[in-house]
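All values below were derived from every heavy atom in this structure, side-chain atoms included, with hydrogens, water molecules and symmetry-related copies excluded.
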Amino acid sequence: MASAIANPLLSDLVAHSTKVPSSHVRAVGDRPDLANVDHKSGAGIPLIDLKQLDGPGRRGVIEAIGSACEKDGFFMVTNHGIPEEVVEGMLRVAREFFHLPESERLKCYSDDPKKAIRLSTSFNVRTEKVSNWRDFLRLHCYPLESFVDQWPSNPPAFRQVVGTYSTEARALALRLLEAISESLGLERGHMVKAMGRHAQHMAVNYYPPCPQPELTYGLPGHKDPNAVTLLLQDGVSGLQVQRDGRWVAVNPVPNALVINIGDQLQALSNDRYKSVNHRVIVNSESERISVPTFYCPSPDAVVAPADALVDDGHPLAYRPFTYQEYYDEFWNMGLESASCLDRFRPID
């Protein structure tokens, strides 16, 4: 508990604050520049209806997914198959957890990134110079039976509700990976097989209201280290994606999930599909909950593209590496560093 007291959670630190603590204030040249964000609805990311993914319209859905992966790195999906009551339950227990008394939440606190289940703040409190406006609960989710007993037991429904959501999210991730494989001209099961035994993590993010949102980030610009991310968000805006040098707001769409390509799929596609910079901004009016599911190769999986994706026009973009090797590098470099993938370029 001493560790937790030395590193208080943001939500408790700022509960009655009227200004952003100096620990969270960004340098002048490193602030969100909120006035220069594109909020036009047409500037957003593609919205893809998955209703026909397992029907006669499969080819069209796969082509839409491939186009989004190539051009945007981000897309939203509707008719994704996760029941509405499961989604609503996930958001409900997430909010209930972060509204628990501080003493109850701190039972889960750790600043050790190697812990499979931990509550923490910012991104990596051990190495950061400036903190981010976020608390988060990190959960390993697959295989579910290996981790669920370590999850919080309060709120009482937490394990059952989150377990159901994480199982549904995994099923959707596998369907998307199959579609992405086909969109690259590969066999349907290629990406699923390429990721070894698989791993799945979840972050339950809590962004408290911020008295001066122009001074800080929920999360600064970064690319995801995993293969594919499935983002569930409440109705509060915060996610922004970089397109053509500008930041574009990705406003929540009811009953839709946001999907984005991570660095592992960029490598597995031999740079045909792109992992894209994105960030989270905060606001002064309301808290925000988001739940990204990170679907990953297993640590020992060797990440390398299919032979069919390497040719004279597309030489090998990265040397083969294990996901563990990549993730260690990513964690050491920090969230805001240039793409970690560049460390794995072939040596001429």
Side-chain angles (χ1 to χ4, degrees), residues 4 8-17 24 76 80 82-110 117-123 131-141 144 147-148 150-169 172 200-211 213 216-219 229-240 249-258 279-294:
L9 294 166
L10 171 69
S11 47
D12 303 310
L13 184 70
V14 303
H16 307 291
S17 178
H24 290 69
M76 285 194 212
H80 44 69
I82 303 181
E84 192 173 342
E85 64 270 18
V86 175
V87 167
E88 289 174 352
M90 180 67 239
L91 290 171
R92 184 184 68 252
V93 296
R95 187 166 280 106
E96 287 173 357
F97 175 83
F98 281 104
H99 288 177
L100 289 171
E102 179 184 18
S103 58
E104 186 66 27
R105 280 174 287 128
L106 285 177
K107 291 176 182 176
C108 304
Y109 186 90
S110 174
I117 315 297
R118 70 187 185 102
L119 176 69
S120 191
T121 189
S122 194
F123 175 69
S131 297
N132 303 314
W133 200 264
R134 171 182 84 137
D135 289 336
F136 65 93
L137 178 65
R138 186 79 171 200
L139 305 172
H140 283 226
C141 313
L144 185 60
F147 300 109
V148 68
Q150 303 170 55
W151 290 0
S153 56
N154 195 5
F158 188 92
R159 292 176 179 177
Q160 186 269 319
V161 170
V162 179
T164 300
Y165 177 79
S166 67
T167 300
E168 294 277 1
L172 176 57
Q200 179 185 347
H201 310 161
M202 178 190 292
V204 185
N205 292 323
Y206 180 72
Y207 303 97
C210 177
T216 190
Y217 288 106
L219 282 171
T229 303
L230 289 64
L231 178 70
L232 167 63
Q233 46 185 346
D234 63 10
V236 179
S237 297
L239 175 65
Q240 298 182 347
V250 179
N251 296 316
V253 171
N255 304 316
L257 295 179
V258 177
R279 69 183 187 180
V280 177
I281 55 107
V282 289
N283 73 84
S284 58
E285 284 82 43
S286 54
E287 65 186 14
R288 177 174 180 263
I289 298 275
S290 74
V291 185
T293 292
F294 305 108

Next on the checklist: To the closest 0.5 Å, what do you measure between CG (Leu257) and CD (Gln233)?
Outcome noted: 9.0 Å
Next on the checklist: Looking at Met202, is its backbone amide N or carbonyl O close enough to the side chain of Thr293 to form a donor-acceptor pair, meaning the two atoms are under 3.5 Å apart?
Outcome noted: no
Item to check | Which atom of Gln240 lies closest to which atom of Ala249, heavy atoms considered | outcome: CG-CA, 4.0 Å
Checklist entry - With Arg92, which residues qualify under side chain to side chain contact (heavy atoms under 4.5 Å, CB included), at least two apart? => result Glu96, Val161
Checklist entry - Taking C-beta and beyond as the side chain, do Ile117 and Arg138 meet within less than 4.5 Å on heavy atoms? => result no
Next on the checklist: I need the Phe136 CZ to Asn205 CG distance, nearest 0.5 Å.
Outcome noted: 8.0 Å
Checklist entry - Out of curiosity, Asp234 CG to Glu88 CD, how far, rounded to the nearest 0.5 Å? => result 12.5 Å
Checklist entry - So, the side chain of Arg288 versus the backbone of Val236: is there a donor-acceptor pair under 3.5 Å, distance only? => result yes
Checklist entry - Say you draw a straight line from CD1 of Ile289 to CG of Leu91; how long is it, rounded to the nearest 0.5 Å? => result 7.5 Å
Checklist entry - Excluding sequence neighbours, so at least two apart, what forms salt bridge (Lys or Arg N to Asp or Glu O under 4.0 Å) with Glu102? => result none
Next on the checklist: To check you understand the geometry: which heavy-atom pair defines the closest contact between Ser284 and Pro209, and what is its length?
Outcome noted: O-CB, 3.8 Å
Checklist entry - Does some side-chain heavy atom of Tyr217 sit less than 4.5 Å from a side-chain heavy atom of Val280? => result no
Checklist entry - Quick check: does any side chain N or O of Trp133 sit under 3.5 Å from a backbone N or O of Pro208, one acting as donor and the other as acceptor? => result yes
Next on the checklist: Nearest 0.5 Å, please: how far is CD in Glu84 from CG in Asn255?
Outcome noted: 4.5 Å
Item to check | Ser120 side chain reached by Ser110 side chain, heavy atoms, under 4.5 Å | outcome: no
Checklist outcome for this item: side-chain contact (heavy atoms from CB on, under 4.5 Å) test vs Tyr207 passes for just one of Asn132, Leu219, Asp135, namely Leu219
Next on the checklist: How close do Cys210 and Pro213 get, counting heavy atoms only, and between which atoms?
Outcome noted: O-CD, 3.3 Å
Item to check | Result of checking Ile82, Leu144, Val86, Val162 against Thr167 for side-chain contact (heavy atoms from CB on, under 4.5 Å) | outcome: Leu144
Checklist entry - What distance do Thr216 atom OG1 and His24 atom NE2 have between them, rounded to the nearest 0.5 Å? => result 6.5 Å
Checklist entry - Can you find a side-chain donor-acceptor pair between Tyr206 and Glu287 that sits under 3.5 Å? => result yes
Checklist entry - Can you check whether Leu137 reaches Pro152 side chain to side chain, under 4.5 Å on heavy atoms? => result yes
Item to check | Side chain to side chain, Arg118 and Cys108, heavy atoms closer than 4.5 Å | outcome: no
Checklist entry - Closest approach of Val253 and Met76, non-hydrogen atoms and distance? => result CG2-SD, 3.5 Å
Checklist entry - Taking side chain as C-beta onward, heavy atoms only, is Phe97 less than 4.5 Å from Pro155? => result yes
Next on the checklist: Just so I know, are the side chains of Ser166 and Leu139 near enough to count as touching, which here means a heavy-atom distance under 4.5 Å?
Outcome noted: no
Next on the checklist: For a quick test of reading the model, state the closest non-hydrogen atom pair linking Leu230 to Ala169 and the distance between them.
Outcome noted: CD2-O, 3.5 Å
Item to check | Heavy-atom pair of closest approach, residues Gly218 and Arg134 | outcome: O-CB, 3.7 Å
Next on the checklist: Tell me whether Trp151 contacts the main-chain N or O of His140 through its side chain, where contact means a donor paired with an acceptor under 3.5 Å.
Outcome noted: yes
Item to check | Side chain proximity check, Ser11 to Arg105, heavy atoms < 4.5 angstrom | outcome: yes
